[in-house]
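Notes to accompany the following structure.
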Amino acid sequence: MNIPRRSLLAAALLAPVFAAHAAPLVMGFSQVGAESEWRTANTASIKSAAKAAGVTLKFADAQQKQENQVKALRSFIAQKVDVIAFSPVVESGWDTVLKEAKNAGIPVILTDRAVKVADPSLYVTFIGSDFVEEGRKAARWLLERAAKTPGAALNIVELQGTVGSAPAIDRKKGFEEVIKTNPKLQVIRSQSGEFTRAKGKEVMESFLKQRDKKIDVLYAHNDDMAIGAIQAIEEAGLKPGQDIVIISIDGVRGAFEAMKAGKLNVTVECNPLLGPQLMQLAKDVVAKKPVEKRITVEEGVFTADMAAKELPNRKY
């Protein structure tokens, strides 16, 4: 059979195009762990979005250990993935491995949490929440509540997230920034609850045993720690949400259930459903399209009186 020379030439020119489309984008993703409802929802969103977008996902769970995450990133580099995305366990200590990724020509996207590096060009973009603003939102709500009883002093205890992590650092910073405008509001104790229910309960039990000062308010850096603390408060014979006002961050279903039951007063939303946006961002980055260095997710504040109506709408 004789095939016209022109047809052979056209096929040869188009072959690389078809080959490029045939090979799916490969993403190496390193997750912090599965420490909370939020993180579980975040992982589910990323996995389902990758499947829907036709992205081959190589997923690694760091189990909240930076050394595991560094190993995962080096494994992705060795496998020559198209793009690396990860949610860093802590902020610092990433310069070396990110330089390795850059030298290999693999772009890096940060999700949910930021890093502190000497050279910002080591990552292309960061998509996630504004943790400082979340802390501010929590504090603003408390200021408004305190304004209803002017002159009253309030003792606050704080359950911090994982030591050295961006959300723990920033949520503390934002909260303190706003709280200091009212000298009647004082954080009397602050300790890490590691973003888990079990540790949140344990630390709250410790706070309650220190009876030198009455606790009026609990500020938890995430809902899971707040839910653990609620158990400790109830076991101490107190009424969470009444005897101790409880403020938390994330906006997971468990928080809405606690608010509906009158045990949690307010939760500041931190949206974990970043998957679809991340997949599109990855495709743009690999295609060398211009992207913003910082992409922020819009989120709200939900109070106990909104819980019953909003609960059926929660996807996580």
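Treat the numbers as computed from the prediction; the structure is a model and nothing was measured.
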Checklist entry - After noting the C-alpha distance and the side-chain angles of Lys201 and Glu234, does the key distance pass the salt bridge (charged side-chain N to carboxylate O under 4.0 Å, His left out) rule? => result CA-CA 11 Å; Lys201 181 175 186 284; Glu234 289 180 320; over 6 Å; no

Do [X] and [Y] make a side-chain contact, defined as non-hydrogen atoms from C-beta onward lying under 4.5 Å apart?
X      : Y      : answer
Ile246 : Ile233 : yes
Ile106 : Val81  : yes
Lys102 : Ser121 : yes
Val157 : Val187 : no
Ile227 : Asp224 : no
Ile46  : Leu57  : yes
Ile156 : Gln186 : no
Ile109 : Val83  : yes

If we ignore hydrogens and angles and just use 3.5 Å, is the side chain of [X] paired with the main-chain N or O of [Y] as donor and acceptor?
X      : Y      : answer
Asp216 : Asn155 : yes
Thr43  : Thr40  : no
Thr56  : Val26  : no
Lys289 : Lys283 : no
Ser75  : Lys71  : no
Trp38  : Cys270 : yes
Lys58  : Gln79  : no
Asp250 : Val252 : no
Asp112 : Ser129 : no

Checklist entry - So Phe195 and His221, would you call those rings parallel, tilted or perpendicular, with 30° and 60° as cut-offs? => result tilted

For [X] and [Y], does a side-chain donor sit closer than 3.5 Å to a side-chain acceptor?
X      : Y      : answer
Gln69  : Ser30  : yes
Arg39  : Ser87  : yes
Asp223 : Ser248 : yes
Asn222 : Glu35  : no
Thr125 : Glu292 : no
Glu202 : Ser206 : no

Would you mind checking if [Y] and [X] are paired as a salt bridge, meaning a charged N to carboxylate O distance below 4.0 Å?
X      : Y      : answer
Lys172 : Asp170 : no
Arg314 : Glu269 : yes
Arg189 : Glu158 : no

Next on the checklist: Is it true that, when you exclude Lys293 itself, more than 12 heavy atoms of the residues, nucleotides or ligands shown sit nearer than 6.0 Å to its NZ?
Outcome noted: yes

Next on the checklist: Taking atom NZ as the centre, does Lys263 end up with more than 12 heavy-atom neighbours from other residues, nucleotides or ligands that are less than 6.0 angstrom away?
Outcome noted: no

Checklist entry - Taking the six-membered ring of Phe59, is the NZ or CZ of Lys47 close enough (under 6.0 Å from the centre) and on axis enough (within 45°)? => result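 Judged by the rule, Lys47 and Phe59 form a cation-pi pair.
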
Next on the checklist: Quick one, Val285 with Val291, criterion side chain to side chain contact (heavy atoms under 4.5 Å, CB included). Give me CA distance, side-chain angles, the key distance, then yes/no.
Outcome noted: CA-CA 7 Å; Val285 166; Val291 297; 4.2 Å; yes

Next on the checklist: Check for me whether the distance between the ring centres of Phe175 and Tyr219 falls short of 6.0 Å.
Outcome noted: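 Between Tyr219 and Phe175, which both carry aromatic rings, the centre distance is below 6.0 Å.
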
Item to check | Any pair counted as ring-ring contact (aromatic ring centres under 6.0 Å, His included), so long as it reaches residues 293-316, sequence neighbours left out | outcome: Phe256-Phe302

Quick one: pull up [atom1] in [X] and [atom2] in [Y] and give me the separation to the nearest 0.5 Å.
X      : Y      : atom1 : atom2 : result
Leu208 : Leu238 : CG    : CG    : 6.5 Å
Asp305 : Asn265 : CG    : CG    : 10.5 Å
Arg113 : Glu91  : CZ    : CD    : 9.5 Å

Item to check | Test salt bridge (charged side-chain N to carboxylate O under 4.0 Å, His left out) applied to Arg74 and Glu100, step by step | outcome: CA-CA 8 Å; Arg74 286 190 169 131; Glu100 292 170 17; 2.8 Å; yes

Per-pair distances, 0.1 Å, donor-acceptor, side chain in residues 140-151, under 3.5 Å, sequence neighbours excluded:
{"from": "Arg140", "atom 1": "NH1", "to": "Glu133", "atom 2": "OE2", "distance (Å)": "2.8"}
{"from": "Arg140", "atom 1": "NH2", "to": "Glu133", "atom 2": "OE2", "distance (Å)": "3.4"}

